[in-house]
Visitor: 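Take a look at the following structure, please.
Here, residue 1 is the first one in the sequence, and each next residue gets the next number. Whatever order the structure lists them in is the order used to number ligands and atoms, beginning at 1.
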Amino acid sequence: MNPKLLLEQYGLDAKKSLGQNFLHDPNVLEKIVSLSDVTAQDTVLEIGPGTGALTEVLARHAGRVVAVELDTRLEPILRARLGEMSHVSLHFGDILRTNVRALLDTERFLVVANVPYYITSAILRHLLENDTRPQRLILTVQLEVAQRLVAKPNDMSLLSVSTQFYATSRIVMRLNPAVFYPRPDVTSAVVRMDVHPRPLVEVPSETAFFSVVRAGFSQKRKQLKNAVGDGLHMATDEAAVMIERAGIDPRRRAETLTLEEWAALTRAYAG
Ligand code: SAM
């Protein structure tokens, strides 16, 4: 059902502050679920079911759907639409404060969501920097964020490196603002992220890896030796020696490094 009419019927409006842009094109919803390869064996976590349009399609394909929604105003709509389905459970709360492992009671799950854009990075960190990670994620995000997820060396950012450490991402569909109500100001894209059973590169610890990467990207325009030196509280010369030990020219900039080079730098730092 059209989200605009549904909201009107319940006397509600879409809250911009909660990133509420509801998908209403049935073809787009079907396509997202088909690109997710969800089967009757899968447990799917949906973040922000909204008025339940995507949830309803997911429920037709998945063995189990668990949806977490922050906005309790939407509860009557969601209960009316999905409450009768025994394999769908609705939880009201903040996904960033939800222990996903405890909620789902399984280590094998997928995430399919049209995420609230204001917390996309925080959601990715919450789901990936965790002992129990999803097998894959199919997320509707801002196109600009999707491009950062799939970026290659020379265009890398903190988000690119930290997600590519865990998953291989591809943009599988672009979405025109017209397929949402209300229309967002930006173009969107659906990204499929296939999570590796183990990170692709060897590092002594994930904490050390993220400290080094964060330091590297802490000062965008600076050469690696300055950014890493400042970020890790080392003298620039000392940082330069460490970076050379990893086989990297210390004058390079963070956006040019490959994942393997970040791993080598972490090993030089903490190995
Ligand atoms: N899935 C619906 C759809 O595709 O039409 C709605 C997507 S809308 C972009 C994002 C949804 O996330 C909204 O329903 C919003 O209320 C919800 N949301 C916002 N912040 C949240 C949070 N911290 N935890 C859980 N849900 C949140």
Visitor: Any sub-3.5 Å donor-acceptor pair from H87's side-chain atoms to V65's backbone N or O?
Guide: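 Between the backbone of V65 and the side chain of H87 there is no qualifying donor-acceptor contact (under 3.5 Å).
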
Visitor: Between E202 and R198, does any side-chain N to carboxylate O distance fall below 4.0 Å?
Guide: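 A salt bridge is present here (some side-chain N lies under 4.0 Å from a carboxylate O).
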
Visitor: Looking at residues at least two apart in the chain, or sitting in another chain, which of them share a side-chain contact (heavy atoms from CB on, under 4.5 Å) with S89?
Guide: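 So S89 forms a side-chain contact (heavy atoms from CB on, under 4.5 Å) with V66, H91.
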
Visitor: Could you tell me the residue and atom name of the protein heavy atom closest to atom 3 (C) of ligand 1, and the distance to it rounded to 0.1 Å?
Guide: N114 ND2, 3.5 Å

Visitor: Do the ring centers of F180 and F22 come within less than 6.0 Å of each other?
Guide: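 Ring centres of F22 and F180 not closer than 6.0 Å.
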
Visitor: Measuring from non-hydrogen atoms of P3 to any atom of ligand 1, is the shortest distance under 4.0 Å?
Guide: no

Visitor: N/O of L23 under 3.5 Å from N/O of ligand 1, yes or no?
Guide: yes

Visitor: Quick test: of every protein heavy atom, which one is nearest to atom 19 (C) of ligand 1, and how far off is it to 0.1 Å?
Guide: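 Protein heavy atom at minimum distance: L18 O, 3.2 Å.
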
Visitor: Consider ligand 1: state whether an atom of it lies below 4.0 angstrom from any non-hydrogen atom of L96.
Guide: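 No heavy atom of L96 comes that close to ligand 1.
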
Visitor: Going by the atom numbers of ligand 1, which of them fall below 4.0 Å from some non-hydrogen atom of V68?
Guide: 25 (C), 26 (N)

Visitor: Any idea which protein heavy atom is nearest atom 24 (N) of ligand 1, and the distance to it?
Guide: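 That would be I95 N, 3.0 Å.
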
Visitor: Answer with yes or no whether the side chains of N154 and E255 bring together a donor and an acceptor at under 3.5 Å.
Guide: no

Visitor: Using ring centroids (six-membered ring only for Trp), state whether F210 and W262 fall under 6.0 Å.
Guide: no

Visitor: Run through L139, V100, I95 and flag the one making a side-chain contact (heavy atoms from CB on, under 4.5 Å) with V111.
Guide: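 Only one of L139, V100, I95 forms a side-chain contact (heavy atoms from CB on, under 4.5 Å) with V111, namely L139.
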
Visitor: Report yes or no: does V115 have a heavy atom closer than 4.0 Å to ligand 1?
Guide: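 In this structure, V115 qualifies as a contact of ligand 1 - some heavy atom is under 4.0 Å.
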
Visitor: At a non-hydrogen distance cut-off of under 4.0 Å, which region of A113 contacts ligand 1 (side chain, backbone, both, or neither)?
Guide: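 No part of A113 comes within reach of ligand 1.
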
Visitor: Any idea which of G50, A14, G48 brings a heavy atom closest to atom 1 (N) of ligand 1?
Guide: G48

Visitor: Between T51 and ligand 1, which residue portion shows a heavy-atom distance shorter than 4.0 Å: side chain, backbone, both, or neither?
Guide: neither

Visitor: Please check this pair: side chain of S36 against backbone of V38, looking for a donor-acceptor N/O pair closer than 3.5 Å.
Guide: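 No.
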
Visitor: Heavy atom of P49 under 4.0 Å from ligand 1?
Guide: yes

Visitor: Do the side chain of R101 and the main chain of D105 share a donor and acceptor less than 3.5 angstrom apart?
Guide: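 Judged by distance alone, no pair lies under 3.5 Å.
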
Visitor: Just going by heavy-atom distances, which of K15, E69, Q20 is nearest to atom 14 (O) of ligand 1?
Guide: E69

Visitor: Test of understanding: given a 4.0 Å heavy-atom threshold, classify the contact between H24 and ligand 1 as side chain, backbone, both, or neither.
Guide: neither

Visitor: Return the option from L70, L58, D71, T72 holding the heavy atom at the smallest distance from atom 22 (C) of ligand 1.
Guide: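 Selected option, by shortest heavy-atom distance: L70.
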
Visitor: Under 4.0 Å from ligand 1, counting heavy atoms only, is it the side chain of Y118, its backbone, both or neither?
Guide: side chain

Visitor: Can an N or O of I47 be found at a distance shorter than 3.5 Å from an N or O of ligand 1?
Guide: no

Visitor: Is E244 salt-bridged to K225, going by a charged N under 4.0 Å from an acidic O?
Guide: no

Visitor: Which ligand 1 atoms, with their elements, are less than 4.0 angstrom from a heavy-atom of G93?
Guide: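 Selected atoms, number and element: 24 (N), 25 (C).
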
Visitor: Could you check which of G19, P116, G52 puts a non-hydrogen atom nearest to atom 18 (N) of ligand 1?
Guide: P116

Visitor: Is there at least one pair of N or O atoms, one from L54 and one from ligand 1, spaced under 3.5 Å apart?
Guide: no

Visitor: Using only atom types and a distance under 3.5 Å, with no angle test, would you say the side chain of T256 pairs donor to acceptor with the backbone of R252?
Guide: no

Visitor: Is the shortest side-chain N to carboxylate O distance from R133 to E107 below 4.0 Å?
Guide: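 The answer is no: the pair does not qualify as a salt bridge.
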
Visitor: Is it the case that ligand 1 has an N or O less than 3.5 angstrom from some N or O of N21?
Guide: no

Visitor: State the atoms of ligand 1, each with its element, that fall below the 4.0 Å cut-off from a heavy-atom position in D94.
Guide: 22 (C), 23 (N), 24 (N)

Visitor: Applying salt bridge (charged side-chain N to carboxylate O under 4.0 Å, His left out) as the test, list every pair that has at least one member in residues 142-171; sequence neighbours left out.
Guide: E144-R148

Visitor: Would you please determine whether E46 falls within less than 4.0 Å of ligand 1 on a heavy-atom basis?
Guide: yes

Visitor: Where the side chain of Q164 meets the backbone of V161, is there a donor-acceptor pair that is under 3.5 Å apart?
Guide: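 No; judged by distance alone, with no hydrogens or angles, the pair does not exist.
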
